[in-house]
Structures are given as C-alpha cells and as structure tokens.
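The analysis underlying the following values was restricted to heavy atoms, covering all of them including side chains, and did not include hydrogens, waters or symmetry mates.
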Amino acid sequence: LSVPPEIPKEDGRPKWDNKFQYILSCIGFAVGLGNVWRFPYLCQIHGGGAFLIPYFIALLFEGIPLLHLELALGQCLRKGSIGAWNTISPYLGGVGIGSWMVSVLVSLYYNTVLTWVMWYFTNSFQEPLPWSVCPLNENRTGLNKECYESTAVNYFWYRKTLNITPDVTETGTLQWWLILCLATCWAIVYLCTIRGIETTGKAIYVTAIFPYLVLTIFLIHGLTLPGATDGLVYLFTPNLNTLKNPRVWLDAATQIFFSLSLAFGGLIAFSSYNPPKNDCEKDAVTVAIVNSVTSLYASIPVFSVLGFKATTGYWDCLDRNIINVINEFDLPEESIVRQNYTAWISYLNSSHPEKIAGLKLKSCDLQEFLDQSVSGTGLAFIIFTQAIILMPGSQAWAILFFVMLFSLGLSSMFGNIEGVFTPLLELRIISKSIPKELLSGIICLISFLITLCFTLGSGSYWIDIFDSYAGSVPLLVIAFFEVIGVAYVYKMKRFSKDVKWMTGRKPNLYWQITWRFISPLLLLIVFVAFVTLQIQKPASYAAWNPKYEGFPMKEEKVYPPWVLAICVLLAVLPCVFVPLVALFHLIKRMCRNKEPSFVAPEVFSCQGSNS
Amino acid sequence: MLRVLLLTLTVVAIAHAELCKPDAQNAFKVRLSIKTALGDNAYAWDANEEYLFKAMVAFAMRRYSSKSTTQISDVLLCNVTDRVSFWFVVTDSSQNMTAVPGSVVEAAIRMNRNRINSAFLLSDKTLQFLKITSTLSPPVEPSTPVWLIVFGVVLCLIVAGIVFLVVAGIQQRKNNRTPPSLIIDLAHTQGKTILYCCAELDRSLPLPLKIPSAAEAINICLGKS
C-alpha cells in the first residue's frame, strides 16, 4: 500500500475577507471615545496648539514602534496574546495572561459606558428633549428642587440616568432602565462577535466609517454656529509656556498610549488572522497616523460646539442682567442691548450706584465660559447635550451624536472582545467541539451578569475606579515587558529576520533604536512619573450629593480603605502574573533539571511554523 | 352746582391718587414685554390698550364672582412707564371708592389668566403680574414613555439578527457533515477510504460511478488538490 501524498495542511484559522477589513478593524479599535472626549480636553488645558508637539514626539517614539511590534508579533506567531507570549518564551507567558486580564476588565466597564449612550439615544426621540426641562415637584408648585439648583441637564444625567448615590459605599438599588439598556448592549456585542472576525469583519464597515460621516456633518454644522470661531481660536492658540510643565509631556505620552489601545492583546489577535506575508510595517504607520488625524479632526467640531455653548451662555448672562436693569429702572424694552450694555452700566452706576449694587449683577466674561472644560462622560452627557438643546432640530443632532458615540465605542469593544475571545479559543481547556457561537454567547452572558453591578446607584463611581486603575497602570507595565521581551528575550536579531520574512525588508535603524532603547526607556519614565503622581495626592473622588452645602458643586470625598484595596488589586492583578508565571516556570525548570531525561524546548521561528 | 361737581372731582382725584400708587396695599404692578413677545408685530401701548386692560380686569372680576358689578371705570391705572409697566387697583363703586381686597383680585386674575393673556397676544412670561404667581402647566407625559418604544424596536431587531445568525450557523454545520453513506455505498476497496478522506476536504470533487483502485483514487484526489 503506497502512502498517500501529503495534502497541504489547512490552518483552520479564520481569516479576514480582505486587507481593508483588517485595517479598518485596527483603526476602529484604536479610534474610540477617547479621541472625541479626551484629546480635545487635553489640547485645551495644555496650551492648545503647543500640545501637538509632545503629542507627536510621543507618537513617533512610543506609539508607532509599539504598534508595529504588536502587529508583527501577532502576524508572525498567528496566535492570540496568551499563546503568542507562551511561544516566545514560557517565562513571558505572564505578559499574555496580564493582557488578557486587562482586556476582560476593560470590556466589562466599557460596555456600561455604551449603555449610557444607548439610554440617551433612546431618549433622543422625544419632543422636547427630556434633559432640556426640569420636572415639577410633588405638589406642582414649582420645579423639582434638585433640578432647579443645578441644571436640567445635570439632573437628567445624575438622577434620571444614573440615580447616583451620594457616596461610593452606598450601593443603592439596581436601575431597571439601565439593566434593559445593558442587556441590549451585550446583545449587540454578541450579535457582532458571534462568530469572531467573520461577523465583526462585516460589522466594522459600518461602525468604523459611520463616525467619520457624523463628525463631518457636525464639523460643517458646528462651523456655522455663532461663537464657533471663538471656541476654535481658544483651542488652538498655542501657549508654548506650558511645555515647561512635565505634566504636559506625561499626559501626551499616556494619551498616545491609551488612544492606540496598546497592550490589550486585541491588536495581536487581529493581526494573527492575517496571512503571514503581509506588510505590517505599513499597517502600523497607517493605523497610528489615522488615529492621530482622527483625534485632531474630532477636536474641531467638538470645540466649535463648545465655543457656541460658551457664547450662548455669555449672551444669556448678559441678557439676564439687561432684563434686571430694565425692570429696575423701568426703561423701555430694547433700550439696552448687548453692544451698549457696558456703556449703560457705567452711566447708571455713576447716577444710581446703590440701585445697581442692590441688583447683584453677575459679571459676564466669555473667557470664563470658555474655561469651563470637562473631559470624559461630562463632556458628552452634560456639556454637549446642553449645546444640542440650543441648536434648531435638536432631536436629529442628538440622535446623530449618540449613534456616533455608540459606533466609536462598539468598534473599540470588538477589539477588546477579540482580545478575550481569541486566546480562549486557543487554550486547550476549551474543547474543539463547542461551537464558536456558544462560546461567545457564554462570554457575553457572564459579562452581562457581572456588569449588572455597574447599574447600581454607585455604579458610575466604580466605573471611574476601573478606568483609573485597571485601564492605566497595568497597560504600561505590560507594554514595557512586551518591548523588553521581544528586544532582549526573543532577541532583536531574530525578530528582525522574522519581520524581514514577513514584509520583505529588514526593519531600518529607526525601528532598531526605538525597539531596543527609546521605547522601553520612555515607558519606564512614563510609568514611574505616572505612579509618583498618583501616589502624591490621596485618592479622592467627586460625589454628587444634593444635601451638600456647596451643591451644585460636587463634594470631594476620599475613598474608604476597602475601596482603596480594590483599586490596588485592580492595578496589581494583571501585572502580578508576569513575575508569577516566570517564577513558576523557573521552579519547574529547576525541578526538571534534576531529572536525567531533560529535553531542551524547541527553538521557535516565524518561518518554521508557516512553511 | 359747578362747585359741587368740582368738589366731587377733586375728591375722586385724591381718592384715586390715594388708592392707586406704587406699593399701595391692594395695588398690583403689571409689566408687559411686548417687543420681546411679538418682535416686529409689536403694537404700541396707548390709551386704547389701557382701556382694553381695564375691560379685561373688570371682566375677570365679574367672571370670578357673579355678584360682582365691577365697571371699567372702577379699575384705576397709574404710574405708566415706558417699560411698559404700571400699577392698578380695583375699586368698589358701591362701597364708596374703597379698594377691593387684593386676595379677591388675585384669585380673579389667576382664574382668567389665559383670557387676559390672549387678549394682548402675550404669555405668562411677557405679561407679568408681579405679585401673582401662575400655576405651572405640567409637562406633557405621553402614556407610554417614548424611549421604551424605541428600545423595543432596537431589541427586536437585535434578537432577530442573533436568531438568524445562530440558525444559519447550525444549518451550515449540518451541511458540512455530509452523510458518508453515499460515498461508502459506492466504494468497496482501498479506493473507498482515500476518496472518502478526499471528499471530506473538498466538496467539489465529482465522485466517479465506479470506485477505482487505490492508485486511481489517489490520482483523482491529487487532480483536485
């Protein structure tokens, strides 16, 4: 009997339908909510146009090298994060596990933010918008007290959406409307990731491209609004003095890092589905540049709208003063207008100073309104919603805005979920007979049950905790070990050969220097500076407490010790796997060394696995 | 005769001045913002408008209490400014020019606020009675909250999508497992196993009517791979 000839072995690994899908997925993963609500804020507080200098330096020396490293790694090893790092060296297996853990933690709280977006979206179909009017109080004599003292927008966010408790220790009750929205969000995530990249690849066409459309629409509309130019000038006026503050450089480095979604393992997962001979260098540069350009592009409509809001606020302030003066002095209507307001005030002050003083007029300053800068959820759910009320056709703008936020967040969620899903599929504990649909269903169901605790009254405080502790320090540690691992454990020469095999050319001097020296050094400095700054101030949070004397200002509270313990646990848990796994393998090797039949582990190479 | 008339007029004038002055006990200040409400269609405030105002107040008093016999001349206006704002007081002619208590006037105005506003094409905000608060109209609450409807639509679409994908996946898996009986029925030699393995890998392999020998089976497979 002759041996049948070798039929070429099919990898069995799913692959992207085309290269565009892959690039779009990476871009969608990188471009997220942070591009819209964190970058413009940083630009504004760190001296406008001058912030771009540290930003681009960080992009050049930290962002692009790390991105190229991750994409090349995934493409060469063709495994998710856990498998990939185990293959590079068993001692570095902890890096993969740490990445996986961070992806799990971030997926959990990120979807809750999408839940809030979905809640606002479903409420945008009403006329008038529910966050534009205050509800009446119980006996219908006036407006609801909490709403009256703060603003309708604040009330809708803190009371009607979050139903927030005054303290992180008070858990409150589960909010049924948020549970419904959360279930929907997880159902949407399940629908899009049901078969891994087969389904996300189709969904990404919509979720990655739609935000650009909406941003363009907002850009055109925003530039036509009154006061837009004030906002833009305020944003981009460079103030080079801020560059002397090291905080600015730290913020630029961390922003680039988190914005590109490095060290999550999602990028490794995405590129592992690529054909091995693919130009990952070009991909990395493309994704990084598109991400940064998107940040800049998004900041223009954001700041046009903020300028419009500041101008409207300033005009409202002036108008209120004018009405008070007119009523007090019984002057004819429209005798005082905004343009001659100051002239009138000085005239009246000289003739009737006691009356003017008695009126207690607020001083209206446009700069003050422009200075009210917020980032994060405050920007989207409070400031932007307030600006949308002032635009004609507010329902349409609200719907567009929230669908855009949802798409941005969803495409980032795909990357997070892939970072969780792909390593699980490769681990041998999951049998091959379980269909992918079932596995992703189980993951989504378990995640939904865990994230129910974010729908409690204190949920948003916990999300802030997760965001500050699980989504910051561990990533820096993991990325540092990634670069060190590839450059010094896997050895740069081997890696360069692999990259040359994949892209067709050897990585040039820029890559060699950044991978070997600059990026690890930069990461170390950023990590140390970040931790030092965090430790210096006691961990505190701002609570919304209607009974506080300074209400509507938020009350500054300190975390109780058990919450601090959880914060530290969140930050340390992913990082601790790195030394633990290394130690475990070290001990195993020492035990194995004592046995006579010790076989050295196979040397792995990129080309070897794919011939 | 003339002297009596003059005396009555002076008395009336003094009483008028006594009753209707700023911060008098039963007087109310009214403030109109016509230009804000009507813009270009704003009318000028003149004696005719004042007459209409007096008529509306008298109407309100009569409508409030059926016993009331308030005449237009019983409503006194004073201190009209350019703003436009003025004070008014309602007198009772049957009781020798005393002012009607403020509470009664307030209740009457409150009851007929809507009619008074529409007579002047203004609203609660632009025609202000400074001491009289208006009852706030409750915000319109639709019977089903709109967000639940939208949410229901979105959820239905999502569930339909999931069901479709899961069913499609199950169908695909069933199709992949072609019953080997077809192949086994045709085969009876070593060629059978080789063709069976081949067919599992490549769906488009046309199966011959007569199963060949092992070597021929291998050739068929290789021809296809």
Side-chain angles (χ1 to χ4, degrees), chain A residues 1-10 118-128 130 132-137 140-143 177 180-181 183-192 194-195 198-199 203 319 323 326-335 395 399 435-438 441 444, chain B residues 31-37 42 45 79-86 126 128 130 133 135-142 145-155 157-166 168-170 172-173 190 193-194 197-198 201-202 214-215 217-218 221-222 224-225:
Chain A
L1 173 67
S2 54
V3 178
E6 290 281 345
I7 298 169
K9 206 164 45 162
E10 273 280 313
M118 162 138 288
W119 163 252
Y120 267 80
F121 166 71
T122 53
N123 273 299
S124 306
F125 287 88
Q126 280 179 300
E127 160 74 31
S132 60
V133 285
C134 270
L136 301 177
N137 56 18
R140 297 245 199 109
T141 53
L143 301 171
W177 58 89
L180 282 181
C181 290
T184 316
C185 282
W186 278 112
I188 293 179
V189 170
Y190 178 51
L191 175 69
C192 293
I194 194 168
R195 285 198 215 122
E198 287 169 44
T199 37
D319 287 344
I323 284 284
I326 286 184
N327 287 347
E328 178 69 18
F329 290 94
D330 280 322
L331 302 162
E333 281 181 282
E334 296 181 3
S335 53
Q395 276 82 10
I399 292 172
K436 261 197 243 179
E437 287 93 334
L438 192 61
C444 286
Chain B
R31 187 187 289 147
L32 288 93
S33 313
I34 308 174
K35 286 216 191 97
T36 318
W45 187 260
N79 282 65
V80 184
T81 64
D82 282 335
R83 169 66 185 80
V84 172
S85 68
F86 50 84
T126 39
Q128 291 167 304
L130 284 190
T133 54
T135 37
L136 301 159
S137 58
V140 176
E141 286 265 345
V146 176
W147 78 269
L148 266 180
I149 299 175
V150 177
F151 173 79
V153 168
V154 171
L155 196 61
L157 286 172
I158 304 292
V159 170
I162 293 178
V163 165
F164 169 72
L165 280 177
V166 169
I170 295 177
Q172 210 176 35
R173 212 157 276 121
Q190 287 162 333
T193 322
I194 294 165
C197 294
C198 235
L201 284 173
D202 185 351
I218 291 166
C221 284
L222 279 181
K224 261 324 216 172
S225 62

Go through the atoms of [X] and report whether side chain, backbone, both or neither lie under 4.5 Å from a heavy atom of chain A.
| X | value |
| --- | --- |
| B:S85 | side chain |
| B:A160 | neither |
| B:L157 | neither |

> How far apart are the C-alpha atoms of B:T36 and A:E333, what are their side-chain angles, what is the distance that settles it, and do they pass the side-chain contact (heavy atoms from CB on, under 4.5 Å) test?
Replying inline: CA-CA 8 Å; B:T36 318; A:E333 281 181 282; 2.6 Å; yes
> So does B:F164 have more than 12 non-hydrogen atoms from other groups sitting under 6.0 Å from CZ?
Replying inline: no
> Is B:V166 close to A:Y190 at the side-chain level, that is, under 4.5 Å between some pair of heavy atoms?
Replying inline: yes
>> Quick one, B:L165 and A:R195 - any side-chain contact, counting heavy atoms below 4.5 Å?
In response: yes
Is chain B contacted by the side chain of [X], its backbone, both, or neither, given a heavy-atom distance below 4.5 Å?
| X | answer |
| --- | --- |
| A:S124 | neither |
| A:W119 | side chain |
| A:I326 | both |

> Rounded to the nearest 0.5 Å, what separation is found between the OG1 atom of B:T81 and the CG atom of A:L331?
Replying inline: 8.5 Å
> For A:T184, what residues pass the side-chain contact (heavy atoms from CB on, under 4.5 Å) criterion, not counting sequence neighbours?
Replying inline: A:M118, A:I188, B:F151, B:V154, B:L155
>> For A:L438, give me all partners under side-chain contact (heavy atoms from CB on, under 4.5 Å), at least two apart in sequence or on another chain.
In response: A:I434, A:P435, A:I442
> B:I162 and A:A187: which non-hydrogen atoms are nearest, and at how many Å?
Replying inline: CD1-O, 3.6 Å
> What pair of heavy atoms forms the shortest contact from B:G161 to A:L191, and how long is it?
Replying inline: C-CD1, 3.4 Å
